[in-house]
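One structure is given below, encoded as structure tokens.
First the proteins, then the strands, lettered A, B, ... as listed; each starts at 1. Heavy-atom basis, side chains included; hydrogens, waters and symmetry copies ignored.
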Amino acid sequence: MPLTFNKSERLCSKKILGELFKKGSASVQTFYLFPFRVLYMDAVAHAPQPAEISEAINTPAASLPAIVITVPKRMFKRAVDRNLIRRRVREAYRLNKSLLTRQESFPSNIAFLYTAKQIISFEEIEKGMKLALKKMAH
RNA sequence: AAUUCAGGUCGGCUUAUCGCGCCCCGCCUUUGGGCGGAGCGAGGAAAGUCCGGGCAGCACAGAGCACUCUACUUCCUAACGGGAAGGCAACCGGCUGGGAACGGCCGGUUGACAGAUAGGGCAACAGAAAAUAUACCGCCAAUUCAGUGAACAUUAAGCAGUCAUCAGUGAACAGUUUAGCGCAACUUCGCCUGACUGAUAACUGGUAACUGCUUACUGUUCACUGAGUAGGUAAGGGCGAACCGGUGGGGUAAGAGCCUACCGCCCAGUGGGCGACCAGUGGGGCACGGCAACCCUUAGGGGCUGAAAGACCAAAUAAGCGUCGGACGCGCGGCUGCUCGUCGCCAGCGUUCCGAAAGGAACAACACCGACGCGGGUAGGUCGAACGAGGUGUUCGGGUGACCGGCAUCCCAGAUAAAUGAUAAGCCAUUCUGCCGGGCGGCUCAGGCCAAACGGCGGGAGGACAGAACCCGGCUUACAGGUCUGGAUUGGAU
């Protein structure tokens, strides 16, 4: 399992994002684990087209989950701080995503909402990320 | 060397591992992509989004009005509210002239620095008064009253003096006379004594006058003080952000541009400068206060919007258009009262034309349904969008300078839910601290104690402000620390 992080693993679609953040959606599951609030959807709920299935077979990377990281501007006024937190979270996911992908099934779309009030170190973020990934894998 | 001010400049470094974006090369591939490798990859402010421009769309005859921006001058620039040089004003510093008053030169900082005799408007509070002003205090002559003082006059009183007069006393003196003495005696004479008379000086008292002094009343004049009346006065005090030119002299009752000298102000010439302005001349004779960051005037500018601009491709999908195919009228009934739709019934019934009738034809094409195509444009994507008012260098040329030109050289982020990172180790600036050395200097009970700079060894902390988003030129704001240049001050050396 390579420790890469391609464009295909980034969740950019406005449609999926709207679906993910729509309140009360049945297909979206959520939990809170310091320092994140995690939202994720299963791939089963999002019925794939036959063409997409064939592509998924051909390209293993496409089967990886797509994630989005958000850091609220309300908490951190300066762009430098938000960038720093987002990069740390992304590194934590990149280095530990095998915890998730080793499993039989895993969510297809995940959103990590950073909810801590302070800028915390990479070690703590990585610890929280591991716990969150393990929880999603079950 | 230290401190400080101004300006410029830099804005941590190295290695390893794992990653990210762009782009190029090679290989593989089921053409979607995958693998490997090379290169590049945040800032001086990327920030605020305050100006100006490029670019883009829309609008647009010309002029005016309205709105809005700018505002000492000249220049630089694509342009600017930016910059450079200069002018003026205020302030600061240094040097210097002079006896002083007061200047001169140099440097620095700051200045929305056009116009207040084009017009309108405004000015809280305080203050007497805030703009064709005003008399609160103060000052001043006049006048009324009161008081004080001085001088003069009148009157009265007292004291002193002078003179006159009256009365009294009254010496010397004169006269008469008496006694004594001198001469023998008498007369005479002389001396002397007493008395009387006269008269004078003098004294005492009275009266009148005069003079001087004192006191009192009254009056007049003058001075001062106080109060009042009606005035003068803006020199002074006081009020205020600001109050009706400043200083000296004259002048005046006191004052006042009332007069005068200088300064300021206004007007008109002269000379210098592209100009702002400067220098100087003559005249006027003090009105013409402040605010234009209130309206306004003058001069110059501004069409609006803003990359979410705009151009293009295009799954989905609505309207619309085209082609092909299907179906075809009216009516009646049921299904929910109406509408629509649907199902059923063809029993009944259309209009026009042809026909005797039977029957036929037309009205009949729209509309409706379906498929395909066009169109349209959502999701998504491409361009805009990275070669440009471009960067760097230049002991090249022009210019005081901003800057311009020449030459050389370089290609230097291009993301888009948004790359440029994470981790580890080391180094460096900085900083804290322990030990050792050091010893400015301080305390001292004279034994010692404390101890700055600096040096060595060790340990710890540890990167300021801050993240491109179409591009560029500026401005503003934030910023640990390093470094360079210049000015000033202090100290040291020569």
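- In this structure, B:U31 forms no base pair with any nucleotide, since neither Watson-Crick nor G-U wobble geometry is met with both distances under 3.5 Å.
- Rounding to the nearest 0.5 angstrom, the gap separating the CG atom in A:L131 from the NZ atom in A:K134 is 6.5 Å.
- Taking the P atoms as reference points, B:U109 lies 11 Å from B:A85, given to the whole Å.
- Across all strands shown, B:G350 forms a Watson-Crick or G-U wobble pair, both distances under 3.5 Å, with B:C363.
- Proximity of A:Y93 to A:I69: side-chain heavy atoms (C-beta onward) are nowhere separated by under 4.5 Å.
- Using bins of under 30°, 30° to 60° and over 60° for the plane-to-plane angle, the ring pair A:F36/A:Y114 lands in the perpendicular bin.
- Here the separation of B:C267 from B:G285, taken at their C1' atoms, is 12 Å to the nearest Å.
- For A:K73 and B:A47, the NZ to P distance is 12 Å, given to the nearest whole Å.
- Figure legend. B:A172 is base-paired to no nucleotide; pairs are counted as Watson-Crick or G-U wobble with both atom distances under 3.5 Å.
- Taking atom C1' on both B:U416 and B:G381, the two are 12 Å apart, rounded to the nearest angstrom.
- Phosphate proximity of B:U420 to A:R87: present, with a side-chain N or O under 4.0 Å from OP1 or OP2.
- For the C1' atoms, the distance linking B:C145 with B:C244 amounts to 40 Å, nearest Å.
- Taking the P atom of each, B:A45 and B:U392 are spaced 13 Å apart, rounded to whole Å.
- For B:G32, the base adopts the syn conformation, since its glycosidic angle falls within 90 degrees of zero.
- With its glycosidic angle within 90° of 0, B:A42 is assigned syn.
- The partner of B:U409 is B:G391, judged by Watson-Crick or G-U wobble contacts that both fall below 3.5 Å.
- Nucleotide B:A419 holds its C1' atom 15 Å from the CG atom of A:L84, rounded to whole Å.
- Residues satisfying the salt bridge (Lys or Arg N to Asp or Glu O under 4.0 Å) test with A:E91, not counting sequence neighbours, are A:R94.
- The separation between A:R78 atom CZ and B:C479 atom C1' is 12 Å, rounded to whole Å.
- Look at B:C159: its Watson-Crick or wobble partner, with both distances under 3.5 angstrom, is B:G212.
- Atom CZ of A:R86 is separated from atom P of B:U416 by 12 Å (rounded to the nearest Å).
- Both distances falling under 3.5 Å, in either a Watson-Crick or a G-U wobble arrangement, place B:C258 opposite B:G250.
- Residue order along RNA chain B, read from the 5' end via each residue's closest nucleotide, puts A:V68 first among A:R88 and A:V68.
- Summarising the geometry, the separation between CG on A:L95 and C1' on B:C20 is reported as 13 Å, rounded to the nearest angstrom.
- If you check B:U229 for Watson-Crick or wobble pairing at under 3.5 angstrom, you find it paired to B:A142.
- Anti is the conformation of B:G249, whose glycosidic angle sits further than 90° from 0.
- To the nearest 0.5 angstrom, A:Y40 atom OH is 8.0 Å from A:K135 atom NZ.
- Shown here, B:C274 forms no base pair; nothing in the strands shown gives a Watson-Crick or G-U wobble contact with both key distances under 3.5 Å.
- With the nearest nucleotide of RNA chain B identified for both A:T70 and A:N83, A:T70 has the one nearer the 5' end.
- Annotation: the span from A:T70 atom OG1 to A:R82 atom CZ amounts to 11.5 Å, rounded to 0.5 Å.
- Of the inter-residue distances, the one linking A:L33 atom CG with A:F112 atom CZ reads 10.5 Å to the nearest 0.5 angstrom.
- Distance, A:Y93 OH to B:C18 C1': 16 Å, rounded to whole Å.
- B:G350 and B:G370 have their C1' atoms separated by 31 Å, given to the nearest Å.
- Distance from the side chain of A:E91 is smallest for B:C18 among the nucleotides B:C18, B:A468, B:A424.
- In this structure, B:C244 is classed as anti because its glycosidic torsion departs from zero by more than 90°.
- Look at B:G44: its glycosidic torsion is within 90° of 0, and that puts it in the syn range.
- Note: A:L95 CG to A:R90 CZ = 11.0 Å, rounded to the nearest 0.5 Å.
- B:A179 and B:C196: their C1' atoms are spaced 15 Å apart (whole Å).
- Look at A:R94 and you won't find any side-chain N or O under 4.0 angstrom from OP1 or OP2 of B:G421.
- Across B:G34 and B:C20, the matching P atoms stand 11 Å from one another, rounded to whole Å.
- Nearest nucleotide to the side chain of A:F122, out of B:A42, B:U423, B:A418: B:U423.
- Following rounding to the nearest Å, A:L113 (CG) and B:A417 (P) show an atom-to-atom distance of 18 Å.
- Taking atom NZ of residue A:K77 and atom C1' of nucleotide B:G467, one finds them 18 Å apart after rounding to whole Å.
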